[in-house]
2 protein chains.
Amino acid sequence: MASNRASARPPAPAGPDRRARRRQETIDEILGIAVDVMSEDGVTGLSLSEVARRLGIQPPSLYKYFPSLMAVYDELFRRGQIEHLATMRAAMVGVEPGLPALAAALDAAGRWALANRPVAQLMFWRPVPSFEPSAESFAPSVELVALHREALADAVAAGQLGAAADSDEAVWLISTMISGVLTQAFANEPGTQWGQGRFTPLFPRLLATLPVLYPPHR
Amino acid sequence: MASNRASARPPAPAGPDRRARRRQETIDEILGIAVDVMSEDGVTGLSLSEVARRLGIQPPSLYKYFPSLMAVYDELFRRGQIEHLATMRAAMVGVEPGLPALAAALDAAGRWALANRPVAQLMFWRPVPSFEPSAESFAPSVELVALHREALADAVAAGQLGAAADSDEAVWLISTMISGVLTQAFANEPGTQWGQGRFTPLFPRLLATLPVLYPPHR
DNA sequence: GTCTATAGCCTGATAGAC
DNA sequence: GTCTATCAGGCTATAGAC
């Protein structure tokens, strides 16, 4: 290992790294507070002034981190998409491909949505008409569809579902099921956990109708 | 028929009636504009100032008709509930009781929701955290549940569904199905008609799984 | 029932000093 | 990267004249 002078201590200035890390922490803090505000005042109730107030800084300072309110929404949307997708993927690891993996992924998605209500609403309910996610932030949703399609194809290959289930239509159907459950839970039972309340326990039963909607050959 | 002087012309002042009718027209006009504003700016984007602007009056004048913004929300909610319920009832008239009547009612409910998007969102999605409907405005929703229960009981009696379908749980399941379809349509395909787009055609197929979820004895 | 005037908030965003 | 000061609005709601 070649080493120059003072190889024992970290690379010379070390300032930029620290500064960048501190900046990232502040950004994370802003987004965390933004989620809190949305939880209390609704997704459309987010205001930069309120975030600044809770962070103990003046509103103009926020503009060093985000160029606008919509940029905050967009970053929340972007991170939400990534996290949501990663959560589903992680839930499928080691689970039998096909319907079991699909069920595990959707179960995880439901838990994630309940645990991240305002972000999920921002992502899938679109309550802010003036907010349009950027192409980059929207990108993971394409992968989400692909994930569903793969699981459905596996289920067809395994003889769990009929060939018609390997389709975009089946993806729409599944997303309709989960959004129905979540909509009802959000509107009528805010604060419930997945598996609790009147609505979330209905999801597995809805999902169990898939082999009826797409009957395998035998 | 006893008649006093001048019995040929309508009852003496006749002013109060006209005035009351004119007042009702103004109220209806205000509510109509409120719906327009919500359609464009979201349910939470409703503002009395904007309504006044479109009506061509000054904002303070609105307070002669509604004591507050929340009172406008509440009246929209109240009328929405009544109209929604009446629409479903009307759709059931002359239809075979049981599943066919239920399907007709839900079909009408879906059409109504798409044609009255912002009001439906106000009623069933609860996007305004600071708005709580008054007990009176909320009342029709009790009748709505009763309507569902009756249709389900008829379906059980007719042997179309198993006994377990005569339950609140089945009502929750049905409402979950329709809210899923509407949520997806509102978020992803604003402006589509019932029966069009990717999501609303899925509803009949979801509903058709009811006999699988609640299988009749034979 | 309409208006003007106004109180008393709130907001997003920018300029420019330090 | 923080601040103060400020712009340029927005809003709900009330008081009080006509």
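Quick caveat, the model's predicted, so the values are computed rather than measured. Values reported hereafter were calculated over all heavy atoms of this structure, with side chains retained and with hydrogens, waters and symmetry mates removed. Each chain gets a letter, A, B and so on, in the order its sequence line appears, and its residues count up from 1.
B:Ser49 and B:Arg53 share no side-chain donor-acceptor pair at under 3.5 Å. Between B:Glu83 and B:Trp112, the side chains place a donor N or O and an acceptor N or O closer than 3.5 Å (distance only, hydrogens not considered). For the residue pair A:Ser137 / A:Gln81, no side-chain donor-acceptor distance below 3.5 Å is found, with atom types taken as modelled. Side-chain contact annotation: A:Thr44 with B:Thr44, donor-acceptor N/O pair under 3.5 Å present.
Remark: C1' of D:dT12 and OH of B:Tyr65 are 19 Å apart, rounded to the nearest angstrom. Across the protein-nucleic acid pair, B:Glu25 atom CD and C:dG1 atom P stand 12 Å apart, rounded to whole Å. We find that CD1 of B:Ile57 is positioned 11 Å from P of C:dG1, with the value rounded to whole Å. Between the C1' atom of D:dT12 and the OH atom of B:Tyr73 lies a distance of 12 Å, rounded to the nearest Å. Atoms CG (B:Leu62) and P (D:dC11) sit 12 Å apart, rounded to a whole Å. Atom CZ of B:Phe66 and atom P of C:dT2 are 13 Å apart (whole Å). Spacing between atom CD of B:Gln58 and atom P of D:dA13 amounts to 17 Å, rounded to whole angstrom units. The interatomic distance linking B:Lys64 (NZ) with D:dT12 (C1') rounds to 16 Å, in whole Å.
At a threshold of 4.0 Å, the pair A:Glu143-A:Arg89 counts as salt-bridged, since one of the basic side-chain nitrogens sits closer than that to a carboxylate oxygen. Between B:Asp28 and B:Arg23, none of the side-chain N atoms (NZ, or NE/NH1/NH2) sits under 4.0 Å from a carboxylate O, so this pair counts as no salt bridge.
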Can you pull every protein N or O that's under 3.5 Å from an N or O on nucleotides 11-14 of chain C?
{"residue": "C:dT11", "atom": "OP1", "partner": "A:Ser47", "partner atom": "OG", "Å": "3.0"}
{"residue": "C:dT11", "atom": "OP2", "partner": "A:Arg53", "partner atom": "NH2", "Å": "3.0"}
{"residue": "C:dG12", "atom": "OP1", "partner": "A:Leu48", "partner atom": "N", "Å": "2.9"}
{"residue": "C:dG12", "atom": "OP2", "partner": "A:Leu48", "partner atom": "N", "Å": "3.2"}
{"residue": "C:dG12", "atom": "OP2", "partner": "A:Ser49", "partner atom": "N", "Å": "3.1"}
{"residue": "C:dG12", "atom": "OP2", "partner": "A:Ser49", "partner atom": "OG", "Å": "3.2"}
{"residue": "C:dA13", "atom": "OP2", "partner": "A:Tyr63", "partner atom": "OH", "Å": "3.0"}
{"residue": "C:dA13", "atom": "OP2", "partner": "A:Leu69", "partner atom": "N", "Å": "3.0"}
{"residue": "C:dA13", "atom": "O5'", "partner": "A:Tyr63", "partner atom": "OH", "Å": "3.4"}

Report, one pair per line, the protein and nucleotides 7-9 of chain C atoms (nitrogen or oxygen only) whose separation is under 3.5 Å.
none

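OP1 or OP2 of C:dC3 sits under 4.0 Å from a side-chain N or O of B:Ser61.
Put simply, the side chain of B:Arg149 gets close to the backbone of B:Asp166: a donor and an acceptor are under 3.5 Å apart.
Within the structure, salt bridge (charged side-chain N to carboxylate O under 4.0 Å, His left out) pairs that include any residue of residues 109-125 of chain A comprise A:Asp107-A:Arg111 (at least two apart or interchain).
A ring-centre distance under 6.0 Å is not found for A:Phe186 and B:Trp125.
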